[in-house]
Each structure stands twice: as C-alpha cells, then as structure tokens.
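One structure is given below, encoded as structure tokens.
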Amino acid sequence: MERKEIRIEDTWDLSGLFADQAQFDTAMEQAKQLLSEITQAQGHITESRESFRQFMDKQEALQRQCENLTVYAQMRADVEPEDPQVQQNLAKSVAFVNQAAAATTFVDQEFIEHQKTVEAYLTEEDCADYRYPMEETFRTIPHRPDAPTEQLLAQMSELFQNPQKTFKAFVPEFKPVMIDGKEEFLNQAIMNQLLHNPDREIRKQAFEHFYEEYRRHQNVFCSTLTGHAQGQVLQAKLHHFSSALEASLFEDGADVPLFHQVLEMANIKYHPAFWRYNELKKKIMKLDDCTSYDLNVPLVQAVDGHYDLDQCFEILDQALAPLGEEYQALLKRARTERWIDYYPHQGKRGGAYSWGTYDSNPFVLTNFTGGYDSLSTLAHELGHSMHSFFSHRANRPLLADYRIFVAEVASTVNEVLLNQYMLQHSDDPKMKASLLYNMLEQLVGTLYRQPMFAQFEAWLHEQLEAGQALSSSDLTDYYYKLNQDYYGPAVTVHELEKYKCYSVPHFYYNFYVYKYTIGMSVALSFASRILKGETEDYLRFLTRGGSCAPIDQLVEAGADPRGEQVYDDAFRYFEETLDQFEKLMQEI
C-alpha cells in the first residue's frame with residue numbers, strides 16, 4: 001500500500017507545527033538568530049538578575065525551536081522518506097542542532113563559575129522556574145573533571161563509542177534451519193519466531209545454529225563488551241564516581257542501594273514464583289526435559305479477534321474510563337484531531353512511538369493491523385501521549401519534559417488497565433487464558449529477565465573495577481551459572497545459553513535495564529489504586545514533567561521506588577496472575 005491510498009483521516013496532521021515550507025524556513029532563521037544572541041552573551045550571562053533571566057528565556061526558546069524543527073523533520077521522514085525536501089529539512093535541522101550544541105558548551109561552566117551569584121538570583125520569585133534546572137547543573141560540580149581532562153574526554157568520545165559500534169556492525173552469518181526439507185535463512189528476528197514453533201527439532205536447530213555463531217566469535221564479542229565496560233569504568237573514575245554503577249545512576253538521582261534493592265526483590269525474594277511458572281510450562285508442554293529453547297512456545301493458542309479503529313477506541317474509552325472524563329475526552333481528540341498515523345505503507349518506518357513537541361499535539365505512529373497487539377500498542381503509545389499532554393499543559397517548556405526513568409509508567413498503566421478490562425468482559429476461557437499468558441510473559445520480561453541482565457552487568461563492571469583481567473570463559477561461565485539460578489530446577493540450561501550474553505544490546509546501555517523493573521512495578525501499583533478509584537495521585541504525577549527529580553515525582557505520588565511496597569505489590573500481582581492462569585488451564 002502507498003501512503004496516497006490511505007484516508008487522510010487515518011494519517012497524522014503535522015501542520016500545527018509548520019503549515020508549509022516557508023514556515024519551516026522562517027523558524028530555522030529565527031533559531032539561528034537566537035543562537036547568535038546566546039553566543040554573544042558569553043561572559044555576561046550573570047551580570048544581573050535581568051540578564052540571567054533573559055538568557056534563560058532565550059535558551060529555552062532556542063531549545064523549543066530546535067525541537068520543533070528536528071521532530072517535525074524526522075516525523076515527516078518516517079512516513080515520507082522518499083521526499084527530497086523532507087530529507088533536506090531533516091539534514092539541515094540535525095546539522096543546526098549539532099552546531100548549537102557545540103556553540104553553547106560554555107553555558108554550564110559560566111553558571112558554575114558564578115554559582116553564588118546565580119543562587120542569590122534563584123531566591124527571588126521571578127527566578128523560581130529556574131531553580132530545579134540550576135540545581136541539576138550545580139549537582140554535577142563534584143563530578144566535573146578539570147579542564148584538560150574534560151577536553152581529553154571530549155576528544156576520546158569516539159573511542160568510547162567504538163565497542164558498541166563494532167558490536168552493531170559485526171553481524172554473524174548463521175547456518176540456515178531445515179524446515180520441511182528446505183533451508184530457511186536465520187537471523188535474530190527469525191530465530192525469535194522459530195523459538196515459538198511447536199516442532200521441538202526446529203526450535204533446537206534455530207537456537208543452536210544461532211548461538212553457535214556467538215560461541216565461534218566469542219573472543220570478538222568479549223572484546224567489545226569488556227571494552228565498552230572498561231570505557232564506562234574509566235569515565236566514572238575521571239568524573240570522581242566510586243563506580244560505573246554510581247555514575248550511571250547519578251543522572252536520575254538514583255543510588256546504588258536502590259539498584260540492589262530491585263535485584264534483591266527479583267532475583268531472591270520473589271524468584272520462587274518464576275521457578276513455579278517454569279515448572280507449570282514444563283507440565284503443560286508434557287516435557288520430561290525442558291530446556292532453554294522450549295520456554296517461548298505459547299502455552300495457549302492465541303485467540304486474536306480483529307478490531308477496527310472504531311472498536312479500538314470504544315474499548316479504550318471503557319478500559320481507561322477509571323482515569324476520568326477528561327482523559328476519555330482526550331482519547332477522542334486524539335482520533336478527531338489526527339494525532340495518530342495508523343497504517344503501514346511502503347516506506348513508512350516500522351514499529352510504533354509517541355512523539356511531539358511542546359508546541360504540537362503528542363503524536364503517535366503505529367503500524368496498525370487490527371489484532372489485539374495493535375490494540376495494546378495503541379493503548380501503550382497513547383499512555384505516552386497523555387503523559388506528554390498533561391506535562392506540557394502544566395509546565396513551561398523548560399520544565400515540561402519527563403525523564404526516561406519514568407517514561408514507561410504511563411504507557412504500562414494503560415496496558416494493564418486494558419488487559420484487566422478485556423479479562424473482565426470476556427466469557428471465552430481461551431481468550432482469558434491468552435490474555436493472562438500474554439501478561440505473564442510481559443511481567444517475566446520486565447520483573448525477572450531485566451534484573452538478571454542487571455546482575456550480570458553489575459558483576460562485569462565490578463570485576464573490571466577490581467582490576468581483574470577477564471577472558472571469554474570468565475564471562476560465559478558466570479552467565480551460564482546465572483541462568484541456571486534464574487530458570488530454576490525445572491529447566492535444563494543449554495550449554496550454548498552461556499553465549500547469549502554476547503547477543504544482548506542492552507549491555508551497551510549502561511545499567512539501563514533495571515529501570516524496566518521499576519517502571520513496571522510502579523505502573524502496577526498505580527493501576528491497582530486506579531481500579532479502586534484512587535486516581536488523584538496518578539493524574540498529578542502525569543503533570544510533573546521535568547519540574548523535579550523523577551524519584552521525587554514517584555514518592556510524591558505514593559509509589560516510592562526506594563521502599564519495598566511497590567515491588568511487593570508487583571510481584572504479588574505476578575503470583576496472582578499465575579494462580580488465575582494455572583486454574584484456568586486446568587479447566588480448559
């Protein structure tokens with residue numbers, strides 16, 4: 001299908017940002033003028049409270065305009081990649097943003113040099129909006145290296161990125177899988193599909209052919225993974241952190257005890273429930289020996305009806321009704337005001353996302369095909385969009401954007417509410433079993449799998465910080481033992497499982513994965529309260545944007561990730577879902 005064949009009502013309307021090319025070009029010139037004024041202020045930013053306020057407002061205006069230019073250009077490119085004007089706009093906007101970033105590197109240093117002056121300004125009410133951004137800047141002072149070291153680190157930035165670039169660039173060639181006497185091409189996506197195949201021999205082939213290549217190239221991947229970790233360890237040391245873990249947590253205002261608490265909850269306190277789930281899988285599949293490549297076989301036949309867009313929005317209206325009439329009204333606006341680009345077509349980017357700017361609607365891109373996955377994806381992305389809408393409405397641009405630490409909370413709340421609604425309004429046991437199974441798999445991926453990854457990542461960095469020289473066997477032996485503990489006694493861990501550590505891109509994301517567990521735990525806590533009619537704290541959370549630290553937002557909303565309650569609630573939800581699923585499977 002080509003884009004021109006799709007009804008205009010089913011595509012997004014970006015004209016609110018720029019109605020035509022002339023408006024885009026005008027905005028680019030305005031941004032250039034703002035950048036010129038900002039660079040001319042160098043050395044004079046804090047001369048007076050008024051000069052400080054004017055500078056902050058101009059910097060905010062520049063960032064706002066840069067976001068409008070780049071987001072508009074990229075979103076156009078995601079659906080019209082062959083339009084030369086679209087590609088030209090994208091190249092121009094990205095180049096300008098890079099130019100602006102390079103030209104304004106003096107700003108934070110100038111603030112820091114005049115910290116006492118700035119702090120005096122911040123006591124005045126007309127500077128109240130700048131307090132949190134300035135606090136965040138000043139919080140970095142103990143972790144700023146001296147000027148020569150900072151300059152050297154800047155020059156080495158490409159070197160630090162090389163391990164990840166090599167990892168992405170090096171794609172092994174996998175031995176094909178024989179299916180019905182024919183050779184089938186194998187890559188990561190196809191391997192994931194084949195692990196769902198009911199034919200155990202096909203699953204075994206796919207698994208072994210795939211990870212055998214990682215075994216064969218283990219020294220290359222050991223080099224890239226340890227090289228990346230060594231770079232993080234070195235940067236942490238030069239920025240005066242006690243560890244790479246502490247450095248990675250600093251941006252979100254998190255600390256090492258929080259990280260380890262997440263791992264304690266998932267990997268120890270509530271881990272027996274996951275073992276029980278694997279025992280149930282083995283029993284349902286009637287396997288004497290359940291191994292790694294058996295665990296992705298669907299335990300229930302997918303019962304996937306077809307939903308048109310009208311039906312999707314009717315379901316979402318009811319499923320998300322506990323969030324209130326305004327939330328429901330915004331769902332209708334998303335449809336009527338064309339916030340969403342629905343259907344796949346030639347050249348359109350795959351997947352789904354929610355994106356926009358302070359000055360635009362919170363747009364959604366999907367590749368809608370009508371199944372339950374499409375409905376669930378729509379709920380997920382609209383959760384992001386509503387979070388953006390409420391944050392932007394409640395805050396000025398400087399304080400509007402929420403951090404990645406809390407970014408998945410609103411989207412996951414919507415998914416949980418949808419799942420609960422579908423369970424309550426279905427009379428089909430098979431449909432209920434399918435919904436419960438999908439939820440269990442999602443919970444496993446966030447509540448259990450990611451903390452296991454985080455444990456490996458923490459161990460790797462700790463070994464390097466202790467001065468240990470690591471070989472591939474050191475990494476793979478530890479990862480193998482970790483997986484044995486992870487899956488439990490019901491599962492025989494395949495010998496090649498140890499090389500899976502080399503295929504996980506998240507190990508190059510610097511202790512990112514534990515955030516998935518926090519996001520899911522907090523979302524489940526919110527969803528439980530919302531279904532009891534307690535929505536005030538959650539709706540206030542949606543308005544906080546970037547006005548304070550993300551952990552403070554959660555604490556204020558009664559979902560403190562530093563305490564045990566949110567994790568107790570989340571893992572008990574997993575246990576309750578598992579109980580329901582097990583009982584239902586006995587009845588089907």
*Which value, rounded to the nearest 0.5 Å, describes the distance between S503 atom OG and L225 atom CG?*
10.5 Å
*Closest approach of F160 and L153, non-hydrogen atoms and distance?*
CE1-CD2, 3.8 Å
*Are F170 and H217 close enough, and set up right, to give a ring pair (Phe, Tyr, Trp, His ring centres under 6.0 Å), and what steps lead you there?*
CA-CA 10 Å; F170 189 91; H217 298 293; 5.0 Å; yes
*Is it true that the side chains of S376 and E415 contain a donor and an acceptor less than 3.5 Å apart?*
yes
_Any E184 side-chain heavy atom under 4.5 Å of I190 side chain_ = no
*Angle class for the H387/F541 ring planes (parallel below 30°, perpendicular above 60°, tilted otherwise)?*
tilted
*asked:* Can you see whether D13 engages S15 through a side-chain donor-acceptor pair at a distance of less than 3.5 angstrom?
replied: yes
*Taking all non-hydrogen atoms of both residues, which atom of L554 and which atom of F526 are closest, and how far apart?*
CD2-CE1, 4.4 Å
*How are the rings of F368 and Y343 set to each other: parallel, tilted or perpendicular (split at 30° and 60°)?*
perpendicular
_Under 3.5 Å side-chain donor-acceptor pair for H228 and N510_ = yes
*Neighbour count >12 (heavy atoms, 6.0 Å) for atom CD, E5*: yes
_H392 ring center near Y358 ring center (under 6.0 Å)_ = yes
*Please step through side-chain contact (heavy atoms from CB on, under 4.5 Å) for the pair M422 and L418, ending with a clear verdict.*
CA-CA 6 Å; M422 298 296 284; L418 172 64; 3.9 Å; yes
*Any idea how Y214 and Y211 line up, ring-wise: parallel (<30°), tilted (30 to 60°), or perpendicular (>60°)?*
tilted
*Check ion pair E326-R393 (N to O, under 4.0 angstrom)*: yes
*Is E408 salt-bridged to K515, cutoff N-O under 4.0 Å?*
no
*Taking it one step at a time, do E497 and F207 satisfy side-chain contact (heavy atoms from CB on, under 4.5 Å)?*
CA-CA 9 Å; E497 186 83 22; F207 182 91; 3.4 Å; yes
*How many angstroms lie between atom CD of Q164 and atom OG1 of T224, to the nearest 0.5 angstrom?*
10.0 Å
*Using a strict cut-off of less than 4.0 Å between a Lys/Arg side-chain nitrogen and an Asp/Glu carboxylate oxygen, indicate whether E29 and K32 qualify as a salt bridge.*
yes
*asked:* Please confirm whether the ring centroid of H461 lies under 6.0 Å from the ring centroid of F511.
replied: yes
*Could you check N367 against T377 for side-chain contact (heavy atoms from CB on, under 4.5 Å), going step by step and ending with a plain yes or no?*
CA-CA 9 Å; N367 281 271; T377 298; over 6 Å; no
*asked:* What's the separation between atom CZ in F18 and atom CE in M28, rounded to the nearest 0.5 Å?
replied: 8.5 Å
*Is the backbone N or O of A189 less than 3.5 Å from a side-chain atom of N187, with the two atoms forming a donor-acceptor pair by type?*
yes
_Just by distance, no angles: are the side chains of S93 and T70 close enough, under 3.5 Å, to form a donor-acceptor pair?_
no
*Ring-ring centroid check F507 F456, cutoff 6.0 Å*: yes
*Pair E60 + R396: basic N to acidic O under 4.0 Å*: yes
*Going by atom types alone, do Q85 and N89 pair a side-chain donor with an acceptor below 3.5 Å?*
yes
_Contacts of type side-chain contact (heavy atoms from CB on, under 4.5 Å), residue S36, not counting sequence neighbours_ = Q40
_Can you tell me how far apart CE (M452) and OG1 (T517) are? Round to the nearest 0.5 Å._
11.5 Å
_Tell me whether the rings of H506 and Y509 are parallel (<30°), tilted (30 to 60°) or perpendicular (>60°)._
tilted
_Point-to-point distance, once rounded to the nearest 0.5 Å, from OH of Y72 to CG of L17_ = 8.0 Å
*Before giving the answer on side-chain contact (heavy atoms from CB on, under 4.5 Å), spell out for D78 and Q74 the whole-Å C-alpha distance, their side-chain angles and the decisive distance to 0.1 Å.*
CA-CA 6 Å; D78 287 343; Q74 184 62 66; 2.9 Å; yes
*Once you round to the nearest 0.5 Å, how far does CG of L331 lie from CG of L316?*
6.5 Å
_Does either side chain, that of Y402 or that of N395, offer a donor lying less than 3.5 Å from an acceptor on the other one?_
no
_salt bridge (charged side-chain N to carboxylate O under 4.0 Å, His left out) for K165 and E158? Distances and angles first, verdict last._
CA-CA 10 Å; K165 288 180 178 178; E158 285 290 326; 2.7 Å; yes
*S411 and A407: which non-hydrogen atoms are nearest, and at how many Å?*
OG-O, 4.2 Å
*Pairing of R349 and D341 as salt bridge, 4.0 angstrom limit*: no
